[in-house]
> 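Let me begin by handing over the structure; questions about it come next.
Here is the naming used below: chain letters follow the sequence lines, and residue numbers restart at 1 for every chain.
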Amino acid sequence: EAQVTQNPRYLITVTGKKLTVTCSQNMNHEYMSWYRQDPGLGLRQIYYSMNVEVTDKGDVPEGYKVSRKEKRNFPLILESPSPNQTSLYFCASSLYGTGGSSNEKLFFGSGTQLSVL
Amino acid sequence: ILNVEQSPQSLHVQEGDSTNFTCSFPSSNFYALHWYRWETAKSPEALFVMTLNGDEKKKGRISATLNTKEGYSYLYIKGSQPEDSATYLCAFLEIEAAGNKLTFGGGTRVLVKP
């Protein structure tokens, strides 16, 4: 089954304790992206990757790191989490990028609800 | 920062009634508009990708229209059913960001009451 797999679904941690949220897709997509969803705000892009070893900042990259060493995986790393990073996080992928064709629609993971105490 | 607005933020619909809601976006530098449907406890799923002014897309009882000159898109649900209850997200793509960055609206949360 074609899917984007995120883990964990729920995570409670404390300030300053490094964590990684994993994201993997099995559709051979070139484009992958991370978003956070906060009440009253739309999905905001954290980082994106157009291909292996190519990553770039989105709108809210501060406090986050990513890597794209393999095409299928795009982990999100919080080196020193803070309470303002408490949020619902989504990983997403598409075949080539985000554009005007049906091949450029996003496929989303199931989300990770992160709470930083 | 691009301004993509959806209205209303939420609406209640009686089962069987039809409804519609709006996504507003900058009319300049338009490249594409995406619509996604997000059911509670699930992942957002793509409904439509639209690029042409005047375009209309349809998927079952859900359809969308696009006006790029005035910067808005309507999503219509005909004969709403409880399973249509979800948050509907639109996402705007400007030319300069084509290929890499969608800007999402805040969503319209639809609750269909039996």
> With only heavy atoms counted, which part of B/A41 is less than 4.5 Å from chain A, the side chain, the backbone, both or neither?
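Only the backbone of B/A41 comes within 4.5 Å of chain A.
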> Using the test side chain to side chain donor-acceptor pair (under 3.5 Å), find all partners of B/Y72 that sit at least two apart in sequence or belong to another chain.
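With sequence neighbours excluded, B/Y72 shows a side chain to side chain donor-acceptor pair (under 3.5 Å) to B/N67, given in chain and number order.
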> How long is the span from the OG1 atom in B/T103 to the CG atom in A/D59, to the nearest 0.5 Å?
6.0 Å
> From A/F107 CZ over to B/E45 CD, what is the distance, rounded to the nearest 0.5 angstrom?
9.5 Å
> For B/L89, which atoms come within 4.5 Å of any heavy atom of chain A: side chain, backbone, both, or neither?
side chain
> Hey, quick one: are A/L106 and A/V4 part of the same hydrophobic cluster, counting side-chain heavy atoms closer than 4.5 Å, chains of contacts allowed?
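In one cluster with A/L106: A/V4, no.
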> Backbone N or O of B/F104 within a donor-acceptor pair of the A/Y35 side chain at under 3.5 Å?
no
> Kindly work out whether a path of hydrophobic side-chain contacts (I/L/V/M/F/W/Y, heavy atoms less than 4.5 Å apart) joins A/Y48 to B/Y31.
yes
> Should B/L75 and B/V112 be regarded as members of a common hydrophobic cluster, given that ILVMFWY residues are connected when their side-chain heavy atoms come within less than 4.5 Å of each other, either directly or indirectly?
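Yes, one cluster joins them.
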> Using side-chain heavy atoms (C-beta onward) and a distance below 4.5 Å, is A/K105 in contact with B/Y36?
yes
> Same cluster or not: A/V21 versus A/Y89, using hydrophobic residues (I, L, V, M, F, W, Y) connected whenever any side-chain heavy atoms lie under 4.5 Å apart?
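Yes.
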> When you look at CZ of B/R109, are more than 12 heavy atoms from neighbouring residues, nucleotides or ligands closer to it than 6.0 Å?
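12 or below, so no.
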> Using a 3.5 Å distance criterion without hydrogens, assess whether the side chain of A/S110 forms a donor-acceptor pair with backbone atoms of B/S43.
no
> With clusters defined by side-chain heavy atoms of hydrophobic residues (ILVMFWY) lying less than 4.5 Å apart, directly or transitively, does B/W35 cluster with B/L66?
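Yes, it is one cluster - the side chains of B/L66 and B/W35 are joined through contacts under 4.5 Å.
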> According to the side chain to side chain donor-acceptor pair (under 3.5 Å) rule, which pairs have a member within residues 1-23 of chain A, sequence neighbours left out?
A/Q6-A/T112
> Which region of B/F48, side chain (C-beta onward) or backbone (N, CA, C, O), has a non-hydrogen atom less than 4.5 Å from a non-hydrogen atom of chain A, or is it both or neither?
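Answer is neither: B/F48 stays 4.5 Å or more from chain A.
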> For B/H34 and A/E104, work out which heavy atoms get closest and say how close.
CE1-O, 3.2 Å
> Name the option with the most non-hydrogen atom pairs under 4.5 Å to chain A; the candidates are B/A46, B/G105, B/P44.
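Of the candidates given, the most pairs with chain A belong to B/P44.
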> What is the minimum heavy-atom distance between B/W38 and A/Q37, and which atoms define it?
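Reported closest heavy-atom pair: CH2-CG, 3.7 Å.
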